Every structure is written in structure tokens, then in C-alpha cells.
Amino acid sequence: MEVTEKCDVYSFGVLALEVILGKHPRDILSPFSGSFANMNIELDDMLDPRLPFPSLEVQNKLISIMDVVFLCLDANPQSRPTMQIVSHLLCN
């Protein structure tokens with residue numbers, strides 16, 4: 001396995017998912033070795049249950065963040081965005 005920028009992108013995706021879940025995302029990552037594109041995950045199933053449920057505005061932002069996170073977690077490293085693209089997507 002070659003260490004590349006795409007490995008860092010994947011690690012960022014794991015870390016971001018861990019922050020949202022409030023725990024390591026192994027339960028989500030292990031069953032899926034492929035793409036997250038066809039996954040139908042409810043937001044309330046993803047959020048740290050220790051926190052109050054967010055407002056609609058925050059929910060919409062979280063959904064946008066999750067879209068970027070799942071791009072970062074693509075099983076094919078060549079399909080992952082660069083960190084520059086990730087940063088751009090998260091700032092918009």
C-alpha cells in the first residue's frame with residue numbers, strides 16, 4: 001500500500017465521521033468496502049445520541065458535510081477528492 005494524499009483524505013473522512021457519530025465509525029465502514037453513493041442512512045441514526053437533536057438549519061449543514069465525508073471514504077483512492085476540493089466543498 002502506497003501512502004498518498006488520498007490516504008490523508010480518507011483519514012479526514014474517518015475523523016469527521018467519528019466527530020459526528022461520537023464514536024469510531026467502524027460499524028459503518030466495515031460492512032461497506034465500496035461506495036457510499038447508494039447508502040440510505042438517516043441523519044438521526046448518524047448523530048451522537050448524547051447531543052440534543054439539531055435545528056433544521058444545522059441538519060442541512062450536517063447533510064452537506066456528510067456528503068463530503070462519504071466522498072472522502074470512497075474505496076477507490078483515485079475517486080476521492082483532493083483536500084483542496086474538500087476544503088472548497090466545506091466552505092460553500
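All values derive from a computational prediction rather than experimental measurement.
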### Query
Are M83 and L71 connected in the hydrophobic side-chain network, where two residues link if heavy atoms are under 4.5 Å apart?
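Yes, one cluster joins them.
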
### Query
Under a 4.5 Å side-chain heavy-atom rule over Ile, Leu, Val, Met, Phe, Trp and Tyr, are L73 and L15 clustered together?
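The answer is no; the residues belong to distinct hydrophobic clusters.
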
### Task
Report yes if some heavy atom in the side chain of M46 is under 4.5 Å from a heavy atom in the side chain of M66; otherwise report no.
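Yes, close enough: below the 4.5 Å cut-off.
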
### Message
Are H24 and L17 packed together at the side-chain level, in the sense that at least one heavy-atom pair is separated by less than 4.5 angstrom?
### Response
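They are not in contact (no side-chain heavy atoms under 4.5 Å apart), so the answer is no.
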
### For G13 against C72, the heavy-atom pair lying closest together
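The answer is CA-CB, 3.9 Å.
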
### Task
May I have all residue pairs that pass salt bridge (charged side-chain N to carboxylate O under 4.0 Å, His left out) and include part of residues 51-66, sequence neighbours excluded?
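Output for this query lists E57-K61.
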
Partners of [X] by side-chain contact (heavy atoms from CB on, under 4.5 Å), sequence neighbours excluded?
{"X": "D48", "answer": "R50, L51"}
{"X": "L56", "answer": "Q59, N60"}
{"X": "K23", "answer": "L21, D27"}

Below 3.5 Å, can you tabulate the donor-acceptor pairs from side chains in residues 85-92 to any protein atom, sequence neighbours excluded?
residue, atom, partner, partner atom, Å
H88, NE2, N92, ND2, 3.0
N92, ND2, H88, O, 3.1

### Query
Taking only residues two or more places apart in sequence, or in another chain, which ones meet S79 in a side-chain hydrogen bond (donor to acceptor under 3.5 Å, both in side chains)?
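N76.
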
### Query
Can you list the residues that meet the side-chain hydrogen bond (donor to acceptor under 3.5 Å, both in side chains) rule with D8, with sequence neighbours excluded?
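side-chain hydrogen bond (donor to acceptor under 3.5 Å, both in side chains) list for D8, sorted by chain: empty.
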
### Message
Quick one: does any side-chain atom of R80 pair with a main-chain N or O of V9 as donor and acceptor, under 3.5 Å?
### Response
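No, R80 side chain to V9 backbone: no donor-acceptor pair under 3.5 Å.
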
